[in-house]
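Heavy atoms only: backbone and side chains are in, while hydrogens, waters and symmetry mates are out. Just so it is clear, the structure is predicted and the values come from calculations on it, not from any experiment. All ligand and atom numbering here is 1-based and tracks the order in the structure.
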Amino acid sequence: MPAIRGAFLRHSLRGKITLGYYAVAAIILVASLFFVGELRTLEARVVLGQRATDLFNTVLEIRRFERNYFLHHQAADLEENAAYIKLAKTMLTDNRADFLAIATPARLGELHTLLSDYQQQMSAFAAVEPPPLEREPRVRTLGQELVAIAEDMAGSERRQIQTTLASFRTLLLGVILSMALLIVVIGRALSLRVVRPLKEMETSVAAISANRRETLSAPSDDREILSIITAFNHMLKELDLRQKSLMRSERLASLGTMLSGVAHELNNPLSNISTSCQILLEEVGECDAATQKMYLAQIDQQTERARNIVRSLLDFSRERAFRKESVLLRALVAQTVGFVRGEVSAKSVVRLAIPEDLRVLADAQRLQQVFVNLIRNAMEGLGPQGRIDISAQIVHASEPPAGTALGEGCEMKGEMVEILVADSGPGIAPDILPRIFDPFFTTKDVGHGMGLGLFVVYEIVDEHGGCIAVQSTPGQGATFCIRLPHEERGAGTAAGASGDKGAQ
Ligand code: ADP
């Protein structure tokens with residue numbers, strides 16, 4: 001049981017805070033008990049001091065009535081003198097135990113004997129008739145000794161009170177200082193064991209939200225922190241799975257869009273192959289070997305083209321880990337346009353203004369997804385004479401692109417590849433412009449849009465360390481601007497799609 005309690009205190013935030021609380025409470029309790037004890041001692045000393053002063057005052061009264069008696073010879077003065085002597089003796093006897101703290105037993109005995117001697121001397125005068133005119137030197141000496149001893153006792157008690165007060169002050173100061181020190185030490189220990197792990201967690205959470213790390217690591221072995229971290233990491237994993245599943249459904253939607261374009265794309269090589277085969281069949285045995293070879297080469301070429309289209313579609317549909325490579329941008333965009341062209345009205349125009357050799361360092365599959373989503377959105381609002389312009393160039397960025405801009409790369413300066421996708425559609429109303437990248441935001445009817453297209457675009461651009469911005473004037477179309485870190489021309493392995501067959 002004690003072992004369990006020890007572990008609870010060591011591995012639990014609540015345990016540590018409770019321990020700190022009990023430690024402070026114990027310190028305050030001990031200090032309070034100590035001071036109560038000290039105050040009681042001081043109180044006893046003050047009472048004793050009062051008694052010593054009373055004894056001294058009584059002795060002074062004895063002497064006053066002694067002097068009066070010898071001056072005026074009044075019997076009343078003698079009586080008062082006797083009464084005070086009696087009182088002093090009673091005081092001495094009753095408070096003997098207390099007076100032992102300020103005088104030795106011998107000194108107390110001496111005082112008692114002096115009082116008795118003095119009493120005897122004074123009683124002797126009561127019987128003398130006529131009363132003596134002069135004070136008896138013996139009485140005077142005894143009286144002086146009585147006063148001296150009583151004064152000494154009162155003075156000694158005063159000195160003791162002063163010493164006690166001085167040591168009480170020093171102790172109070174010492175205890176206050178050590179309490180402050182202990183509280184600082186406890187506070188520091190709590191801050192080390194409680195606040196620091198929380199601060200580290202705050203930094204880690206910020207790093208996760210900035211995509212710089214994926215999971216939270218435990219900054220301490222406290223139970224509460226461990227369970228928060230486990231729950232948080234579990235939540236991150238769940239979010240990741242859900243995001244992947246959203247991406248998957250978005251990709252399926254894109255695949256649906258692409259299928260009619262792919263069918264159209266496949267149609268060309270297939271009809272070329274078919275034509276070449278028909279010619280060969282018709283001319284079997286009639287044409288020379290060179291012509292046969294030419295038609296067979298065409299069939300081979302068109303088969304390869306069809307295979308490339310199918311491979312690209314398979315590549316796009318396959319789920320795979322994020323992998324950057326050097327991508328020929330124009331080829332990729334042209335192929336994507338070809339795939340989604342089935343959706344464009346026959347009279348609409350898609351124009352490309354991208355240098356042939358412009359490369360970006362990107363995940364080709366994901367970048368293609370970006371273009372599918374942007375082109376699909378642009379096409380959806382296009383009128384019969386609609387136009388989509390896709391251009392790209394290397395820019396020297398010194399500030400974020402104009403309009404609503406999102407992404408890690410928006411603050412990046414220096415050379416970047418800037419891709420513009422502009423359409424002549426209806427544009428986007430200013431009030432919805434800041435929300436179009438939000439997940440599940442759509443203005444389309446139920447069943448026509450999930451509101452994930454631009455969210456996925458933003459996620460992919462951000463994953464590439466890029467930036468996406470949008471500018472639009474209602475009635476005059478919308479322009480999406482993507483900036484990606486620039487890949488040096490010719491560097492890396494050429495990848496991505498080849499050919500430029502989709503653009504008009
Ligand atoms: P969805 O297409 O499923 O609605 P998106 O995230 O792709 O989801 O787009 C969100 C909203 O942004 C759309 O519903 C539309 O209102 C607006 N939008 C996006 N692109 C354009 C565009 N090129 N022209 C006009 N509106 C657009």
K.L.:
Report the nearest protein non-hydrogen atom to atom 1 (P) of ligand 1: residue, atom name, distance rounded to 0.1 Å.
P.N.:
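Answer, as residue, atom name and distance: Lys444 NZ, 3.5 Å.
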K.L.:
Let me see the working for Arg45 and Glu43 under salt bridge (Lys or Arg N to Asp or Glu O under 4.0 Å), right down to the final yes or no.
P.N.:
CA-CA 5 Å; Arg45 286 228 164 276; Glu43 201 181 2; over 6 Å; no
K.L.:
Suppose I only count heavy atoms of Phe441 and a 4.0 Å limit; which atoms of ligand 1 are within that range?
P.N.:
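Close to Phe441: 8 (O), 10 (C).
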K.L.:
Whether Asp389 and Arg351 form a salt bridge (side-chain N of Lys/Arg under 4.0 Å from carboxylate O of Asp/Glu) is what I want to check.
P.N.:
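Salt bridge: yes.
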K.L.:
Considering only the protein, which heavy-atom contact is closest to atom 16 (O) of ligand 1, and what is its distance?
P.N.:
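Result for atom 16 (O) of ligand 1: Thr443 OG1, 2.4 Å.
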K.L.:
Is the closest heavy atom of Gly381 to ligand 1 under 4.0 Å?
P.N.:
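Outside the 4.0 Å threshold, so no.
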K.L.:
Side chains of Arg305 and Asn308: do they bring a donor and an acceptor to under 3.5 Å?
P.N.:
no
K.L.:
Would you check whether Phe455 has a nitrogen or oxygen atom less than 3.5 angstrom from a nitrogen or oxygen atom of ligand 1?
P.N.:
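N/O-N/O distance under 3.5 Å: no.
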K.L.:
Give me the nearest non-hydrogen protein atom to atom 23 (N) of ligand 1 as residue plus atom name, then the distance to 0.1 Å.
P.N.:
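Heavy-atom neighbour on the protein nearest atom 23 (N) of ligand 1: Asp423 OD2, 2.9 Å.
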K.L.:
Closer than 4.0 angstrom, basic N to acidic O: yes or no for Glu459 and Arg366?
P.N.:
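No, no charged N to carboxylate O under 4.0 Å.
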K.L.:
Does an N or O from Glu380, backbone or side chain, lie closer than 3.5 Å to an N or O of ligand 1?
P.N.:
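So ligand 1 has no N or O lying under 3.5 Å from an N or O of Glu380.
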K.L.:
Would you say the side-chain atoms of Asp288 and Thr291 include a donor-acceptor pair closer than 3.5 Å?
P.N.:
yes
K.L.:
Output the list of atoms in ligand 1 that are nearer than 4.0 Å to some heavy atom of Gly427, sorted by atom number.
P.N.:
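The list of qualifying atoms is 25 (C).
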K.L.:
Decide, yes or no, whether a salt bridge links Arg242 with Asp240 under the criterion of side-chain N to carboxylate O below 4.0 Å.
P.N.:
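So Arg242 does not pair with Asp240 through a salt bridge.
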K.L.:
Look only at the side chain of Thr18 and the backbone of Arg14, and say whether a donor-acceptor pair between them is shorter than 3.5 Å.
P.N.:
yes
K.L.:
Near Gly453, which atoms of ligand 1 are under 4.0 Å from a heavy atom of that residue?
P.N.:
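Once the distances to Gly453 are compared, the set is 5 (P), 6 (O), 7 (O), 8 (O).
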K.L.:
Compare Gly425, Gly451, Ala429, Ala378 and give the one whose heavy atom is closest to atom 3 (O) of ligand 1.
P.N.:
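Going through Gly425, Gly451, Ala429, Ala378 one by one, Gly451 has the nearest heavy atom to atom 3 (O) of ligand 1.
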K.L.:
What is the nearest protein non-hydrogen atom to atom 12 (O) of ligand 1, stated with its residue, atom name and distance?
P.N.:
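Answer for atom 12 (O) of ligand 1: Ile436 CG2, 3.4 Å.
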K.L.:
To which of Asp438, Thr442, Val457 does the heavy atom nearest atom 4 (O) of ligand 1 belong?
P.N.:
Thr442
K.L.:
Decide whether Gln368 and Gln335 meet the rule of one side-chain donor and one side-chain acceptor closer than 3.5 Å.
P.N.:
yes
K.L.:
At what distance is the nearest protein heavy atom to atom 5 (P) of ligand 1, and which residue and atom is it?
P.N.:
Leu454 N, 3.6 Å
K.L.:
I need the atoms of ligand 1 closer than 4.0 Å to a non-hydrogen atom of Phe480, numbered in the order shown.
P.N.:
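So the answer, numbered in order with elements, is 20 (N), 23 (N).
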K.L.:
Find all atoms of ligand 1 within a distance of less than 4.0 Å from any non-hydrogen atom belonging to Asn377, and give their numbers and elements.
P.N.:
2 (O), 5 (P), 7 (O), 9 (O), 19 (C), 20 (N)
K.L.:
Is the distance from the ring center of Phe441 to that of Phe455 below 6.0 Å?
P.N.:
no
K.L.:
Would you mind checking if Arg40 and Glu38 are paired as a salt bridge, meaning a charged N to carboxylate O distance below 4.0 Å?
P.N.:
no
K.L.:
Just let me know how Phe437 lines up against ligand 1, side chain, backbone, both or neither, with a heavy-atom cut-off below 4.0 Å.
P.N.:
neither
K.L.:
What is the distance from atom CZ of Arg223 to atom CD1 of Ile228, rounded to the nearest 0.5 Å?
P.N.:
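Arg223 atom CZ to Ile228 atom CD1 measures 11.5 Å (nearest 0.5 Å).
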K.L.:
Could you find the nearest protein heavy atom to atom 18 (N) of ligand 1 and give me its residue, atom name and distance?
P.N.:
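Protein heavy atom with the smallest distance to atom 18 (N) of ligand 1: Ile428 CD1, 4.1 Å.
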